There are 2 protein chains.
Amino acid sequence: MDVAARVAIFERVPLFAGLTPQDLEVVAREAHEYRLKKDQQPFQQGEPATHHYVIGWGRVRLDQTTPEGQNVILRFMGPGDLLGSVAVLREVPYPATPIAIEDSMLLRWSAGRFAELMQRFPPISLNAIRIVGGRLQDLQDRLRELATQRVERRIASALLRMVRQSGRRVERGVEIPFVISRNELAELTGTTLHTVSRTLSAWEQEGILSGKRSSHLIIAKPHRLVEIAEQA
Amino acid sequence: MDVAARVAIFERVPLFAGLTPQDLEVVAREAHEYRLKKDQQPFQQGEPATHHYVIGWGRVRLDQTTPEGQNVILRFMGPGDLLGSVAVLREVPYPATPIAIEDSMLLRWSAGRFAELMQRFPPISLNAIRIVGGRLQDLQDRLRELATQRVERRIASALLRMVRQSGRRVERGVEIPFVISRNELAELTGTTLHTVSRTLSAWEQEGILSGKRSSHLIIAKPHRLVEIAEQA
DNA sequence: CGTTTCTTTGAGGATATTCAATTTATGTGG
DNA sequence: CCACATAAATTGAATATCCTCAAAGAAACG
């Protein structure tokens, strides 16, 4: 992938908002491509943080594992999303493991190179604060949800969040454009795959959604999900 | 409070790390003092974000309320902590309400003034990213906890976190240097005050901790709490 | 000293987990 | 392309954790 193609990607990356095409070219030239096949990981939770990553294309799931081996999904990430930067800047080990859920391409910079870029292009710092701040607020909302709401509502909210973030209109409703297993949904909402399965089965009965294993979920009645997510 | 006194405070504020005493003086001169009595709030969740705050002295609890009126405590904050900045920089309404749990003094800057300071003193931006990033990681840990652990462990972890953050050695153990009610602990750990009460009662029986209403909690056996927090 | 607020404790019940078994889908090697 | 192996999903039954409801006790406040 040449520099021009990278610049084209970076034009839609929030981290680089406010940079001129010339600036982006500099940034792009310093980047290294990093390709991942499905299920591969660019780094692991606990490793020293050495690189900043931006997702060029593909999708990544961000996992955090407990000492006892239980797993939680922090978020799903897609093109333009930022990865690893907080750990690099805080000079702490990566706190989570990203796993490609599709073949993906990341662009990355070493800590030192990226520090130079941040110095040279001041908007990057401010963009970074906004991005990290946005994630902080997302997490605050999820924490509140997890603390106050029952499982069914949390699953509905999680699906709606994915619809809002990456949903695509299709004939029968809105589609979540990547495969997500019952287990992943459980790890995302703090419940068990059994409860997720029962809940989705019930919703399929009701015609709210459809989508079997390794096909994309299609939400036929998003308004019903909203009702469930908001019901007292 | 004169500028020199403010500078003395700012020398220990992470947001201003790396600034010279002269820099701090500039920052201090631009600040406005904002005093709060117990239970007062500098701003409310949902209001447009207009100011950056730093806690000079005192303590603040950061609340997030659901549409239905349920409350969650995001964190307790003390001297040197940053308040409101993420919302100001993202140009979104404040996502939470800070409430003074003791008489407190905040120092604040308008969005515009602070933007100038950030431009003039580049370390501030980087410090801000580190601080917000740190909070993000704290929240990720709490989310994982809430998703995977049972109530007793969560309460133990919450107490230990407060001990680590603000604990003070006293004769009988370690003291949490501010009053915290059963209800607050419940809102901090995603449970009910009843369950917290039962749990603390049991721990008091065991001699793990002590401290009645409106006195400070004293943890006599922190190691036992660690065991509880880490037990499989 | 009465009122308010916070805390404690009990009993009953609901939600969601755990355990267990089966069904269904996917992938692989012959 | 089929048969088998593997992985994912479904569903039922039993159980546990924690919440809700209820009431009373203790501490703080004016």
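These values consider heavy atoms only, across backbone and side chains, with no hydrogens, waters or symmetry-generated copies. Everything numeric in this text was worked out from a predicted model, so none of it was measured.
- Scanning both residues, B/P79 and B/G56, for their nearest heavy atoms gives CB-O, 3.6 Å.
- Contacts of B/S201 with the nucleic acid, taken as non-hydrogen atoms under 4.0 Å apart, involve only primed sugar atoms and P, OP1 or OP2.
- An OP1 or OP2 oxygen of C/dA16 is reached within less than 4.0 angstrom by no side-chain nitrogen or oxygen of A/T195.
- As a whole-Å value, the separation of A/L185 CG from D/dT10 C1' is 15 Å.
- Taking atom CZ on A/R198 and atom C1' on C/dC19, their separation rounds to 11 Å, with Å as the unit.
- Regarding contacts with the backbone of D/dT17, a side-chain N or O of B/R150 is found under 4.0 angstrom from either OP1 or OP2.
- Between A/N183 atom CG and D/dT10 atom C1' the separation is 14 Å, expressed in whole Å.
- Ring to ring, A/Y34 and A/W57 are not that close: their centroids are 6.0 angstrom or more apart.
- Of the residues near DNA chain C, A/S214 and A/G190, the one whose nearest nucleotide (by heavy atom distance) lies more toward the 5' end is A/G190.
- For A/H194, the side-chain atoms get nearest to D/dT11 when compared with the rest of D/dT11, C/dT17, C/dA25.
- Here B/S181 does not reach the OP1 or OP2 of C/dC6: none of its side-chain N or O atoms lies under 4.0 Å away.
- Regarding contacts with the backbone of D/dC18, every side-chain N or O of B/T191 stays at 4.0 angstrom or more from both OP1 and OP2.
- Between the side chain of A/R182 and the base of D/dT10, no donor-acceptor pair under 3.5 Å is found.
- Of the side-chain N and O atoms in A/S197, none sit less than 4.0 angstrom from OP1 or OP2 of D/dA9.
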Stepwise side chain to side chain contact (heavy atoms under 4.5 Å, CB included) test for B/D81 and B/V54: CA-CA 6 Å; B/D81 270 332; B/V54 161; over 6 Å; no
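- Rounded to whole Å, the distance from CZ on B/R153 to C1' on D/dA16 is 17 Å.
- Put simply, NZ on B/K212 is 16 Å from C1' on C/dT5, counting in whole angstrom units.
- Nearest-nucleotide mapping onto DNA chain D: of A/Q205 and A/R213, the residue sitting toward the 5' end is A/R213.
- When rounded to the nearest whole Å, the span between CG of A/L146 and P of D/dC18 equals 13 Å.
- B/R90 has its side chain within reach of A/Q137: a pair of non-hydrogen atoms, C-beta onward, lies under 4.5 Å apart.
- Protein atom CD of A/E152 is 13 Å distant from nucleotide atom P of C/dT17, rounded to whole Å.
- The CG-P distance, from A/L193 to D/dA7, rounds to 15 Å in whole Å.
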Can A/R182 and A/E184 be said to form a salt bridge (charged side-chain N to carboxylate O under 4.0 Å, His left out), step by step? CA-CA 5 Å; A/R182 306 300 192 242; A/E184 285 174 322; over 6 Å; no
